[in-house]
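Note that the structure is predicted; figures quoted are calculated from it, not measured. Reminder, nothing fancy here: chain letters follow the sequence lines and each chain counts from 1.
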Number of protein chains: 2
Amino acid sequence: MVRAGLTTERVVQAGAELADDLGFAELTASTLARRLGVKVPSLYSHVGGTQDLRTRVALLALAELADRAALAVAGRSGKEALVALAESYRGYAREHPGRYAATRMRLDTATAMASAGPRHSQLTRAILRGYHLAEAEQNHAVRLIGSVIHGYIELESAGGFDHSLPDATESWNRALDVVDIALRNWP
Amino acid sequence: MVRAGLTTERVVQAGAELADDLGFAELTASTLARRLGVKVPSLYSHVGGTQDLRTRVALLALAELADRAALAVAGRSGKEALVALAESYRGYAREHPGRYAATRMRLDTATAMASAGPRHSQLTRAILRGYHLAEAEQNHAVRLIGSVIHGYIELESAGGFDHSLPDATESWNRALDVVDIALRNWP
DNA sequence: TGAATTACCTAAGCCAATTAGGCAACCCGG
DNA sequence: CCGGGTTGCCTAATTGGCTTAGGTAATTCA
């Protein structure tokens, strides 16, 4: 009997790939075991079950995305940084739709605190250094940026723009223009 | 044997209430049958199964929300209309979180076309009458409005704002201010 | 009132999730 | 090279959800 050589890391990695291929909702112990050529109970030595598997993929995705976003904003400021951050999210959502969906999964408080989630808001807040907002306004701005980016990606990936012109990317650029202008002339 | 007096409409209505109480993900033939005090197969005379049940709840929610939004924007224009539309979405999402989640479910093209979905984009487009955008820019604006509203509601309901100040409603008002200003001075 | 309709039921099959426990492949001290 | 411990993957078995088939009793209407 040839062993498959699984580890927790490899199982989670394969889970992320499966989610990208078939959708995050299809990520279960069953589908993943099939893809790995292994019986379902074999996964239980490496992950706690379907729920734990999904949580681990979510944590992986949050960390990957935070790394990508951090790289994108490094050395940039102002609108350039805003656009780079936004593009890193949109690019990740297009390349890895299952993982992006995983980042939207609700985590319990302790897990969320220990995840890369806080790095995301720190990065968004870092962008604001290039604009000059009063301290009290910064959280409002962080929330607006998050809403626009996540809202747009969600509508686009749900196919909301598929059957209407003009091109979705044009709308995306307009949305980022609007946010940039708003940050420079905060109400 | 006392009959429960189910109809398709009552089943779907109960499904919507269950989704609001326990979350849309918990809406299954099993949980709903338990709540209705009926055996699971009894539901199959009224709805096609779990998937069909969810689709019907989604269609109900889309229609309810479109009605509410239409009422909100009637007789208003400009920023007043924008705020009324946005508040109707946010209010619905707070009062009926399960139904709101249902509206985000992906429907196949034919079902989506026949649903109240198109009324939502028509209503958003109607708001733009109070602003004066070139025809070619209107779809960009519709998409921006949708992104901000849905993005904000999603982040808020996911608990993204729970552990940070200031109050979420203050950020919401700022976001709507930004959209209003953008629509009046479209880039 | 009796026959057609229909609302709900039981029975049964399939599949996913999970737990318990077994065997064989690998790892390492001798 | 070899024997013992460790561990990776297995089979078996339980539970519970989804769905279909088909039966029975309540309702309806001629």
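Non-hydrogen atoms lying under 4.0 Å from DNA chain D are contributed by Val38(A), all within residues 16-38 of chain A.
Listed by chain and residue number, nothing satisfies the side-chain hydrogen bond (donor to acceptor under 3.5 Å, both in side chains) test with Arg34(B) (two or more places apart in sequence, or in another chain). In this structure, the side-chain contact (heavy atoms from CB on, under 4.5 Å) partners of Ile181(A), at least two apart in sequence or on a different chain, are Arg184(A), Asn185(A), Pro187(B). A search for side-chain contact (heavy atoms from CB on, under 4.5 Å) contacts involving Thr169(B) returns Arg90(B), Arg94(B), Asp167(B), Asn173(B), not counting sequence neighbours. Glu95(B) pairs by the salt bridge (charged side-chain N to carboxylate O under 4.0 Å, His left out) definition with Arg68(B), not counting sequence neighbours. For the ring-ring contact (aromatic ring centres under 6.0 Å, His included) test, residues two or more places apart in sequence or in another chain that qualify with His96(B) are Tyr92(B).
One can place OH of Tyr44(B) at 17 Å from C1' of dA7(C), the figure rounded to the nearest angstrom. Put simply, CD on Glu9(A) is 14 Å from P on dG8(D), counting in whole angstrom units. Residue Leu6(A) contributes atom CG, which lies 16 Å from atom P of dT7(D) at whole-angstrom precision. When rounded to the nearest whole Å, the span between CD of Gln51(B) and P of dT20(D) equals 13 Å.
Listed pair His46(B) / dT6(C) fails the phosphate criterion, with no side-chain N or O lying under 4.0 Å from OP1 or OP2. When the side-chain nitrogen and oxygen atoms of Ser45(A) are compared with OP1 and OP2 of dC9(D), none of them lie within a distance under 4.0 Å.
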Between side-chain atoms of residues 76-87 of chain A and protein atoms elsewhere (two or more places apart, or another chain), which donor-acceptor pairs fall under 3.5 Å?
unit_1	atom_1	unit_2	atom_2	d
Arg76(A)	NE	Ala72(A)	O	2.9
Lys79(A)	NZ	Asp177(A)	OD1	2.6
Glu87(A)	OE2	Trp172(A)	NE1	3.0

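Listed by first and then second residue, the salt bridge (charged side-chain N to carboxylate O under 4.0 Å, His left out) pairs that reach into residues 38-55 of chain A are Asp52(A)-Arg56(A), sequence neighbours excluded. Identified under the ring-ring contact (aromatic ring centres under 6.0 Å, His included) test for residues 53-90 of chain A, with sequence neighbours left out: Tyr89(A)-His120(A), Tyr89(A)-His150(A).
Under the 3.5 Å distance criterion, the side-chain polar atoms of Thr8(B) are matched with a main-chain donor or acceptor of His46(B). Side-chain N or O atoms of Thr111(A) include none that pairs as donor or acceptor with a backbone N or O of Leu107(A) at under 3.5 Å.
For the helix from dT1(C)-dA30(D) to dG30(C)-dC1(D), the angle separating the two terminal helix axes comes to 10°, with each axis derived from five pairs and the value rounded to 10°.
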Please enumerate all protein N or O atoms sitting under 3.5 Å from an N or O of nucleotides 10-12 of chain C, with distances to 0.1 Å.
none

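By the 4.5 Å side-chain criterion applied to Ile, Leu, Val, Met, Phe, Trp and Tyr, Val40(A) is assigned to a cluster that also includes Tyr44(A).
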